[in-house]
There are 2 protein chains.
Amino acid sequence: MTLQTIQTTQLDIPPGMIHLGIGQPDPSLLPLALMKNAAAHRLGHDDGSLLAYGAESGDGYFRLALSRFLTEHYHKPVDPDDLFVTAGASQGLDLICTLFTKPGDTIFVEEPSYFLALDIFRDHGLNIVGLPMDENGLMVEALEEGLTQHHPAFLYCIPTFHNPSSITLSAVRREQLVQLSQAHNLLIVADEVYHLLPYDSPPPQPLANYIDTGTILSMGSFSKILAPGLRLGWIQANQALLQRLVRSGLLQSGGGLSPFTSKLVQSALELGLQRDHLVKLKTVYGQRKDFLSAALRRHLGSFVAFSEPRGGFFIWLRLPEQIDAEALQPEARQHNVGFQPGIRFSSHQRLKNYIRVCFSFYDTPELETAVGRLADVLKNHRQSG
Amino acid sequence: MTLQTIQTTQLDIPPGMIHLGIGQPDPSLLPLALMKNAAAHRLGHDDGSLLAYGAESGDGYFRLALSRFLTEHYHKPVDPDDLFVTAGASQGLDLICTLFTKPGDTIFVEEPSYFLALDIFRDHGLNIVGLPMDENGLMVEALEEGLTQHHPAFLYCIPTFHNPSSITLSAVRREQLVQLSQAHNLLIVADEVYHLLPYDSPPPQPLANYIDTGTILSMGSFSKILAPGLRLGWIQANQALLQRLVRSGLLQSGGGLSPFTSKLVQSALELGLQRDHLVKLKTVYGQRKDFLSAALRRHLGSFVAFSEPRGGFFIWLRLPEQIDAEALQPEARQHNVGFQPGIRFSSHQRLKNYIRVCFSFYDTPELETAVGRLADVLKNHRQSG
């Protein structure tokens, strides 16, 4: 390892490139001063318990602070005993796969779905079946039909500000989905990490509000609302489901998953720092969303179709049917612009004419430049195609 | 959740009980001031990269600091590129199971072995086969014999200051084990979390020093030498093995496993705080080990047999053949003393007349009281038996 090759973050963007495929918070919005204050506050207490093996469900006082925070946003009281602390949503999902599936099991996902969740499912040897979505989210009829042919270990879905499509499952569909899950004893793994990031009106209530049915594991995370480097999230579910996590070998051996970072974030919650930061993020991301939407319409209006998102991180662009977005990537690299091709989000190697672009990572000048470059790539392709 | 029931750490010891079964650092030895200094140092840099999604292998500068620390202790240069950062040894082991095994696979363990690792293996549906140990550690001949009957996905072993037996695999056996692993392409998952805690002479070189063979994944951790609440450890292995971890869905989705805590510990390493703390721990734990050994001989000399450990956390007591240690537990609870019965460490429901006691968690006055109580329990049992 030479000093030139030392990598600190997950990103490895070629110099000069603006990579709209990156679905992460803007580094300049990562709250270093906030975390410094939270750390000073927490480590100023004469209490070393955050350095010990933690309670398997997560520290009780942290879960209490988190439950109060979620109660404000979910418009329904959240019981701290229904919360289990994870090391982020990905880790929570991996643990759920270990404990609730075995290789060869079928699971249902939405088509499209979060591409890296699909990789976690593949690592667990799962048979992935995609179900169609429309503008109101997962088509519950298709799920009902699917249940006549399969006995899935669970349905993985992203109900609010979906990754990559930004679609939000309608309130009516949520009721139907929950009823269906009860009728078929279908476990639903709801990835609700974008739920706290609406930019217009509030979304319908999260699936977390239905955990009393006993069919729902709702995953949340501080990665989108505070800082991904903390590796801190939660699963909200009823006791019977949570106990399977708590009693696992991993939890019994290592104790709670994030004792130290959760106690620092407890201070951020109790001091109101998380609340203020979330207000700021919603303002900034909302502006960027508006800006990127307008830039896409201006530069590419006749060429692409998309629904303007109401929250989250992403815009999902449909290109003309005959275009294979993956094949555009060499050209895009030459133009110093990046995106995620739609095929990566498909469990069936479809969606070739879609691309996902993200508005959270770059500020508006870079977004403007990037869309201009993307327009050049598509224009060249049209001329040469 | 009422205020009375709020749990912060993994421990839930009845008031008045001294539980020698707890295999954790003493809470009073958890370095709160050290971590406060490390946090102030790290968060004083104007660098928010520790809050971003981290490089999948772990932050490069942290791995560099860790490699220098390990080079001092392993007496062989450690290459930072051979290190992969985990969220603790348990998490590393869980990830290895996900990526290197499937349910129904056989794995080899030592008999006895770390009981909570056995639980992780059971969660992954693995078929666990135990191999005998003697005073020089795992019997390599038995492994060779086992390989004629099984094709294990890996051998899990604890070469140095074994949990629970405290036995250290001899230098000769290490060479034999490595040669055998090469001859049979046998993957060895070496749990070396106690290697840095010798109290007399240094142990033989770690299996980490043989990673060039390509058959070894060596797991280390800050849980025993700094603070388990950080959930920070590492796997040392050659590139081919590490790339399977790096390319997993979990790592691609969530990024590196402990970006934030690893950067704080980087400061602890660079400022020499970890080195000083380890010196202190070895002094204190060494004294406690001597004290507990002497107390056991004094109170129970004619009744139990054990080899005095040379490092680690544990003493492994052999009781008379006819005693079932698990059956002693109600009586022990009445006497306000706890221990781990040997059967928990057996993959074959054996070792019933063994118990594991730990000298790291309590100071000498409690150790003295506990051994007195244990002697009463055994004396009562002998009289009534």
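Naming convention: chains lettered A, B, ... in sequence-line order (proteins, then strands); numbering from 1 in each chain.
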* Could you give me the CA-CA distance, side-chain angles and deciding distance for Leu242(B) and Leu245(B), then say whether side chain to side chain contact (heavy atoms under 4.5 Å, CB included) is met? => CA-CA 5 Å; Leu242(B) 289 192; Leu245(B) 306 174; 4.0 Å; yes

* Any salt bridge between Arg42(A) and Glu270(A), counting N to O under 4.0 Å? -> yes

* So, does Asn37(B) use its side chain to make a donor-acceptor pair with the main chain of Leu34(B) at under 3.5 Å? -> no

* Option in Gly48(B), Ala39(B), Pro228(B), Gly256(B) with maximal non-hydrogen atom pairs under 4.5 Å from chain A -> Pro228(B)

* Do Phe69(B) and Leu64(B) have side-chain heavy atoms sitting under 4.5 Å apart? -> no

* Does the side chain of Asp191(B) pick up a donor-acceptor pair with the side chain of Tyr156(B) at under 3.5 Å? -> yes

* Considering only heavy atoms and a distance below 4.5 Å, find which of Ala117(A), Gly104(A), Ala55(A) pairs most often with chain B. => Ala55(A)

* Who among Leu43(A), Asp46(A), Asp12(A) has the most heavy-atom pairs with chain B under 4.5 Å? -> Leu43(A)

* Under a 4.5 Å heavy-atom cut-off, does chain B meet the side chain of Pro27(A), its backbone, both or neither? -> neither

* Asked: With chain B, which of Leu99(A), Leu116(A), Leu226(A), Leu257(A) has the greatest number of heavy-atom pairs at distances under 4.5 Å?
  -> Leu116(A)

* Looking at Pro259(B), Ser262(B), Gly229(B), which one has more heavy-atom pairs under 4.5 Å with chain A than the rest? -> Gly229(B)

* Sort Ser49(A) into side chain, backbone, both or neither according to what part of it lies under 4.5 angstrom from a heavy atom of chain B. => both

* **Part of Leu251(B) within contact of chain A (heavy atom distance under 4.5 Å)** => backbone

* **Side chain to side chain, Pro112(B) and Arg344(B), heavy atoms closer than 4.5 Å** => no

* Asp47(A), part contacting chain B, at a heavy-atom distance under 4.5 Å -> backbone

* Locate the shortest heavy-atom distance separating Gln274(A) from Ile225(A); write the atom from each residue and the value. => NE2-O, 3.1 Å

* Measuring heavy-atom distances to chain B, does Leu50(A) have an atom under 4.5 Å in its side chain, in its backbone, in both, or in neither? -> both

* Asked: Could Arg356(A) and Phe345(A) be counted as a cation-pi pair, given that NZ or CZ must be under 6.0 Å from the ring centre and within 45° of the axis?
  -> no

* Heavy-atom distance under 4.5 Å between the side chains of Asp79(B) and Ser67(B), does that happen here? -> no

* Asked: Which region of Thr261(B), side chain (C-beta onward) or backbone (N, CA, C, O), has a non-hydrogen atom less than 4.5 Å from a non-hydrogen atom of chain A, or is it both or neither?
  -> side chain

* Is there a side chain to side chain contact (heavy atoms under 4.5 Å, CB included) between Ile96(B) and Met219(B) once you walk through the steps? -> CA-CA 11 Å; Ile96(B) 289 168; Met219(B) 303 194 302; 4.2 Å; yes

* To do: Return the option, out of Thr8(B), Asp119(B), Ile120(B), with the maximum number of heavy-atom pairs under 4.5 Å with chain A.
  => Thr8(B)

* Are Pro80(B) and Arg68(B) side-chain neighbours, meaning at least one heavy-atom pair lies under 4.5 Å? -> no

* So which residues of residues 230-238 of chain B are in contact with chain A at a heavy-atom cut-off of under 4.5 Å? -> Leu230(B), Arg231(B)

* Which answer fits Tyr114(B), side chain, backbone, both or neither, if we ask what part of it has an atom under 4.5 Å from a heavy atom of chain A? -> side chain

* Plane angle bin for Phe62(A) and Phe222(A) - parallel if under 30°, tilted between 30 and 60°, otherwise perpendicular -> tilted

* Structure fact -> Scored by heavy-atom pairs under 4.5 Å with chain B, the best of Glu56(A), Gln24(A), Lys263(A), His124(A) is Gln24(A)

* Show your working on side chain to side chain contact (heavy atoms under 4.5 Å, CB included) between Cys97(B) and Phe154(B) and close with a plain yes or no. => CA-CA 9 Å; Cys97(B) 289; Phe154(B) 60 74; 4.1 Å; yes

* For residues Ser347(B) and Phe121(B), determine if any side-chain heavy atom of one lies less than 4.5 Å from a side-chain heavy atom of the other. => no

* To do: Decide side chain to side chain contact (heavy atoms under 4.5 Å, CB included) for Arg122(B) and Leu118(B); before the verdict, give the C-alpha distance in whole Å, the side-chain angles of both, and the deciding distance to 0.1 Å.
  => CA-CA 6 Å; Arg122(B) 288 183 190 115; Leu118(B) 299 179; 3.8 Å; yes

* Would you say Gln340(B) and Pro164(B) make side-chain contact, with heavy atoms under 4.5 Å? -> no

* Hey, which residues of residues 82-95 of chain A are touching chain B, say heavy atoms under 4.5 Å apart? -> Ser90(A), Gln91(A), Asp94(A)

* Asked: So which of Ser253(A), Gly58(A), Pro103(A) has the largest heavy-atom pair count under 4.5 angstrom toward chain B?
  -> Ser253(A)

